[in-house]
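Have a look at the structure below before the remarks.
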Amino acid sequence: MEIIGGSCRLGLWFVHVWWNDTAVYQVRFATTGLPGRVPEPIRQYCAGHVVNLSQLNSIAVQEDTVYGRIYRAVQQVPYGSTSTYGEIARIAGTSPRVVGQAMARNPVPLVIPCHRIVAAGGIGGFSSPLEIKEALLSLEKKGLRRAEK
DNA sequence: AACGTACACTTAT
DNA sequence: ATAAGTGTACGTT
């Protein structure tokens with residue numbers, strides 16, 4: 001099946017998504033829109049709803065490689081909470097630095113919530129503007145607050 | 001195929 | 001504050 005692209009608004013940014021029925025292939029952040037739809041869960045997530053995006057499938061998590069293990073571990077960290085590079089490294093049986101590398105190359109942010117991985121002593125890095133990482137974390141905090149009423 | 005270097009880190013001086 | 005340790009990827013021989 002053919003891969004199609006689409007975008008939706010997330011605060012001040014757009015998120016571009018390339019996907020089809022079976023999986024999500026690429027996600028990235030941009031300042032301009034792109035015609036087309038995105039998967040429903042992503043739309044809801046962007047609207048601030050508490051959605052578990054690890055239900056979405058992606059090639060990245062299937063790989064039987066170190067990165068695959070790292071990505072699967074990252075998908076376990078729940079909406080609204082965070083983990084550290086070191087902790088993920090322990091779970092995946094590798095070193096923190098490698099986790100950073102895997103995050104930097106994550107083809108599907110949001111689906112694999114790399115923004116929830118922070119440094120032991122700070123927020124850590126992000127490929128797109130760091131602003132976005134902060135915005136995502138605060139979006140999730142808000143979503144959680146709203147959900148628990 | 002080997003070698004050097006670069007990393008979204010961490011831990012111990 | 002700084003340095004050493006770390007595992008993988010990537011470009012250059």
Side-chain angles (χ1 to χ4, degrees), chain A residues 3 5-20 22-34 36 38-39 41-147:
Chain A
I3 298 174
S7 72
C8 76
R9 201 88 207 211
L10 197 167
L12 302 176
W13 299 277
F14 288 93
V15 11
H16 293 190
V17 185
W18 296 91
W19 58 294
N20 66 14
T22 58
V24 176
Y25 296 86
Q26 185 163 162
V27 175
R28 44 185 192 193
F29 301 98
T31 52
T32 63
L34 180 74
V38 303
I42 293 187
R43 221 208 82 248
Q44 291 182 353
Y45 179 92
C46 293
H49 295 234
V50 178
V51 194
N52 180 12
L53 293 181
S54 40
Q55 63 180 287
L56 265 27
N57 191 22
S58 71
I59 297 299
V61 297
Q62 297 174 2
E63 295 165 1
D64 189 26
T65 60
V66 183
Y67 279 18
R69 271 184 279 133
I70 292 174
Y71 290 145
R72 283 191 292 276
V74 171
Q75 281 199 321
Q76 301 308 305
V77 4
Y79 189 104
S81 69
T82 62
S83 183
T84 65
Y85 298 98
E87 200 172 333
I88 298 297
R90 261 204 321 283
I91 296 170
T94 180
S95 82
R97 204 102 195 220
V98 179
V99 175
Q101 255 185 160
M103 296 306 95
R105 299 176 198 292
N106 176 12
V108 285
L110 300 190
V111 176
I112 294 166
C114 56
H115 59 279
R116 296 185 192 140
I117 310 305
V118 298
I123 187 163
F126 205 67
S127 303
S128 317
L130 192 53
E131 230 179 320
I132 294 185
K133 186 173 185 175
E134 290 164 347
L136 290 173
L137 292 172
S138 105
L139 171 78
E140 296 192 1
K141 242 188 306 187
K142 265 183 259 175
L144 228 44
R145 227 184 353 258
R146 184 171 357 161

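Everything numeric here is computed off the predicted structure, so don't read it as measured data.
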Does the side chain of [Y] come within less than 4.5 Å of [X]'s, by heavy atoms?
X: A:Val38; Y: A:Val15; value: no
X: A:Met103; Y: A:Val74; value: yes
X: A:Leu10; Y: A:Leu136; value: yes
X: A:Pro113; Y: A:Leu53; value: no

- line: Here the distance between atom C1' of C:dG7 and atom CZ of A:Arg69, to the nearest Å, is 11 Å
field: Value in whole Å for how far the C1' atom of C:dT8 lies from OH of A:Tyr71
entry: 12 Å
Residues 123-133 of chain A side chain polar contacts: donor-acceptor under 3.5 Å, at least two apart:
residue, atom, partner, partner atom, Å
A:Lys133, NZ, A:Ile117, O, 2.9
A:Lys133, NZ, A:Ile123, O, 2.9
A:Lys133, NZ, A:Gly125, O, 2.8

message: Taking any heavy-atom pair under 4.0 Å as a contact, classify A:Val66: base, sugar-phosphate, or nothing.
response: sugar-phosphate
Expected output: side-chain [X] to main-chain [Y] donor-acceptor under 3.5 Å:
X: A:Arg69; Y: A:Ala92; value: yes
X: A:Tyr25; Y: A:Pro107; value: no
X: A:Gln75; Y: A:Val111; value: yes

- prompt: Should stems be defined as at least three consecutive Watson-Crick or G-U pairs with both distances under 3.5 angstrom, which of them involve DNA chain B?
  reply: B:1-7 with C:7-13, B:9-13 with C:1-5
- line: Nucleotide by nucleotide, nucleotides 7-13 of chain B touches protein heavy atoms under 4.0 Å in the pattern (B base, S sugar-phosphate only, - none) BBBS---
